[in-house]
**Q** 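Structure provided below as structure tokens; questions to follow.
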Amino acid sequence: MEISNAKLAKILRNTAAAYTIKGTGNLFQIRAYENAADNIEHSTAEIQDFWQEGKLNQVSGLGESLRGYLDELFSKGEVRHFEEVKKGIPKIFFDLLDIPGVGPKTADKIAKMGVSSVEQLKKQLKDGELVKMGLSDKLAQKILQGLQEVSQRGNRMLLPYAFAQAEKILNYLQKCPDVLQVHPLGSLRRMVATIGDLDFSASSNSPKKVTEHFCRMPGIARIIDQGENQATVVLKNGLQADLLVGKTDAYGALLQHFTGSKSHNIKLRILANGKGYSLSEFGVKKVSRGQVTGYSQKTETEEEFYRLLGMDAPPPEIREDTGEIEAALEHKLPDLVELYDIKGDLHLHSNFPIKSPSHAPGVDSMEDMVKKAKELGYRWVGISDHPLGFTTSTPKEMIKWVQMRTKFIQNMQSRTKSIRVLNGLEIDILGNGTLSVPDEALATLDYCIAGIHSGHRGSKDEITKRLLSALNSPHVDIISHPTNRLLNERDSSDALWDEVFKLAAKNKKLLEINSHPMRLDLRDDLVRMAKKYGVKFIINTDAHMVSQMDNMLFGVSVARRGWAESKDIVNTWDWTDFAKWFNIKS
DNA sequence: GCCGTTTTCGGCCCGACTGTTTTCAGTCG
């Protein structure tokens, strides 16, 4: 039996929730289950593969007991101990846990009111029946809102996960001697934040051999469909993968057609009709009054395909029919930012002790993060720890800690010649719009990142007020992950973005494009909108460990989808211009 | 149940927000 990471995480969470409401098991044991679930959920590799290779001990958060349980789960499909813990709890309890805002206690309360399905819950909430039975009005509203969010949430995977799986398949395809070129297709090629299926194309003069090669790929659970030019398979991890193989003379048309987007292609076909062409995945035909008058033109590449229509080829990331076709016709496509333009990363969390080592959110040392930055070829790097646990401290304590940390960084810089190390913090924009760190401490930093980390479901006005307030602080340089969305988990916060962008541009504050797989925030559409106001951006990884510093590519993709060029992204600039923007003395 | 430059015991993040429980519980990150 195949068990996906998501399913595995859910099994562990369910067990933890069962412990919680039964009152058996201590709090830390429950937390251990949840911690393991978190790690599994965020792994880009399949945990079941680790198990098969006897490498479960490489997964952090899995100790002897949990490894034993997982072993039982993967080999027998069930864990006796887990079933024991969940005994006597109705199924609805576990379904309710999937609703945002509903935890074990609330789910238990609702289950005990006799609700037996999510559908019934929806109905009884709307009828006010549950409120009559003692559920508070506000809670009822909150659950309804949560249900709404769930229904709008698709079952799509995050781009970086899809990207990692796709790379393996692309590498495998390239090994086939009959393959000339391979590409990802669809939303994957356009680098959309979430991906449905994995689609690929290949060019070859012997298509049948390529589809046969594809269907022999390791990790296939079953073949749904295998034709001469096309094959669809389901992988053991539950993903569906499609392959289309085309001959070289029309490969550009095939690639273009299946890259989409749908709206881009529709617009293109209308345009082509006006010019006497008919477009399809098989090529370009000459038509007159609906009659085909000419045979297919050669379209070996996408460039040739677009050239036949008198236009440049837009980069895949912006093929969404939002003006790229017009720009391509006028030969005025943007010169989009590239990964290799990036010269530094300013949003990194280290394990630098905050009050005590266990408070630090990051897992790796500043030294290791700086080392990685050098390997990436960066010219500068900034450490921006969260001063957690200081809210209840005196400003004096906080200032002392900042001074201590500053000395530590200065000391490190004095031993490091080849890269500039900058001293920053990521602080909270509190509910009332004030900052979580006193100005006196902020004034000593090279830069300050401010972000909303609580109360994301506030009203449009509240969120806007908080953002505007931070943008008016003389010490804030960057607003981190401005919409605070978590893909597949939490929607973007609402704000009057025009107001936010106007003020950001006026006060010369940067908006972050956060590369974290679950964030990809600022969203691409808002990047485009902000750019029109003259806002500048910084692409950061928000890495909490060294390996996450490789996520920069995904932030760059968001920027590209938002039509950003290197002049819009300050961390592509030369050090002189960059330092000038931040008012840092070189 | 996990984990280890406080390593085989004894710790384990904690602050913000929400709702309603005037002092705290549940949820989230």
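What you see is a predicted model; the values in this text were computed from it and never measured. Below, chains carry the letters A, B, ... as their sequence lines are ordered, and counting in each starts from 1.
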**Q** Please, which pairs that meet ring pair (Phe, Tyr, Trp, His ring centres under 6.0 Å) have at least one residue in residues 460-489 of chain A, sequence neighbours excluded?
**A** His453(A)-His481(A)

**Q** For a quick test of your reading: what N or O donor-acceptor pairs under 3.5 Å do the side chains of residues 438-446 of chain A make, sequence neighbours left out?
**A**
from      : atom 1 : to        : atom 2 : distance (Å)
Thr444(A) : OG1    : Ala441(A) : O      : 2.7
Asp446(A) : OD2    : Asn423(A) : N      : 2.9

**Q** Using every non-hydrogen atom in the two residues, find where Trp497(A) and Ser493(A) come nearest and quote the distance to one decimal.
**A** CZ2-O, 3.6 Å

**Q** Considering every strand and a 4.0 Å limit on heavy-atom distances, what is the contact class for Ile30(A): base, sugar-phosphate, or nothing?
**A** nothing

**Q** Could you give the NZ-to-C1' distance, from Lys138(A) to dG26(B), as a whole number of Å?
**A** 16 Å

**Q** Given Phe93(A), which partner from the list Asp108(A), Asn14(A), Val115(A) fulfils the side-chain contact (heavy atoms from CB on, under 4.5 Å) test?
**A** Asp108(A)

**Q** Send over the distance from Arg485(A) CZ to dG29(B) C1', rounded to a whole Å.
**A** 18 Å

**Q** Within the 4.0 Å heavy-atom criterion, would you say Asn26(A) contacts the bases, only the backbone, or no part of the nucleic acid?
**A** base

**Q** Side chain of Ser136(A) only, please: which of dG1(B), dG29(B), dT20(B) is the nearest?
**A** dT20(B)

**Q** Can you see if the side chain of Thr106(A) gets near the phosphate of dT27(B) - specifically, an N or O under 4.0 Å from OP1 or OP2?
**A** yes

**Q** For nucleotides dT23(B) and dC17(B), find the distance between their C1' atoms and express it as a whole number of Å.
**A** 16 Å

**Q** Within this structure, what is the CE-to-C1' distance between Met518(A) and dC28(B), rounded to whole angstrom?
**A** 13 Å

**Q** Under the salt bridge (Lys or Arg N to Asp or Glu O under 4.0 Å) criterion, do Lys55(A) and Asp49(A) qualify, and how do the steps go?
**A** CA-CA 8 Å; Lys55(A) 294 195 293 192; Asp49(A) 290 348; over 6 Å; no

**Q** What's the NZ-P distance between Lys142(A) and dC28(B), to the nearest Å?
**A** 7 Å

**Q** Separation of Arg31(A) atom CZ from dC3(B) atom P, in whole Å?
**A** 15 Å

**Q** Would you compute the distance between atom OG of Ser515(A) and atom CG of Asn540(A) and round it to the nearest 0.5 angstrom?
**A** 7.0 Å

**Q** In plain terms, say whether Lys10(A) and Asp98(A) are close enough for a salt bridge, that is, a side-chain N and a carboxylate O under 4.0 Å apart.
**A** yes

**Q** In whole Å, measure the gap between the C1' atoms of dC12(B) and dT18(B) for me.
**A** 26 Å

**Q** Can you tell me the pairing partner of dG1(B) across any strand shown, Watson-Crick or G-U wobble, with both distances under 3.5 angstrom?
**A** dC12(B)

**Q** Counting only side-chain nitrogens and oxygens, does Tyr69(A) get under 4.0 Å of the OP1 or OP2 atom of dG1(B)?
**A** yes

**Q** What does Leu62(A) touch in the nucleic acid at a heavy-atom separation under 4.0 angstrom: a base, only the sugar-phosphate, or nothing?
**A** sugar-phosphate

**Q** Could you give the distance separating dC13(B) and dG29(B) at their C1' atoms, to the nearest angstrom?
**A** 11 Å

**Q** Both Phe28(A) and Ala32(A) contact DNA chain B. Taking the nearest nucleotide for each, which residue is further toward the 5' end?
**A** Ala32(A)

**Q** Does Ser454(A) make a side-chain N or O approach to OP1 or OP2 of dG15(B) shorter than 4.0 Å?
**A** no

**Q** Classify the angle between the aromatic ring planes of Phe582(A) and Tyr447(A) as parallel (below 30°), tilted (30 to 60°) or perpendicular (above 60°).
**A** perpendicular

**Q** In whole Å, measure the gap between the C1' atoms of dT6(B) and dG11(B) for me.
**A** 10 Å

**Q** Let me confirm one number: the CZ-NE2 distance from Phe352(A) to His386(A), rounded to the nearest 0.5 Å.
**A** 16.0 Å

**Q** Taking the same atom, P, in dT20(B) and in dG26(B), what whole-Å distance lies between them?
**A** 14 Å

**Q** I'd like a table of atom pairs between the protein and nucleotides 8-10 of chain B - only N or O on both sides, under 3.5 Å - with the distance next to each one.
**A**
none

**Q** Please report the distance, rounded to the nearest Å, between CG in Leu430(A) and P in dC28(B).
**A** 21 Å

**Q** With DNA chain B as reference, determine whether Gln29(A) or Arg466(A) sits nearer its 5' end, using the nearest nucleotide of each.
**A** Gln29(A)

**Q** Between atom CZ in Arg67(A) and atom C1' in dG1(B), what is the gap in whole Å?
**A** 12 Å

**Q** dC3(B) and dT8(B): how far apart are their C1' atoms, nearest whole angstrom?
**A** 10 Å

**Q** Whole angstrom is fine here: how far is it from CD1 in Ile99(A) over to P in dT27(B)?
**A** 12 Å

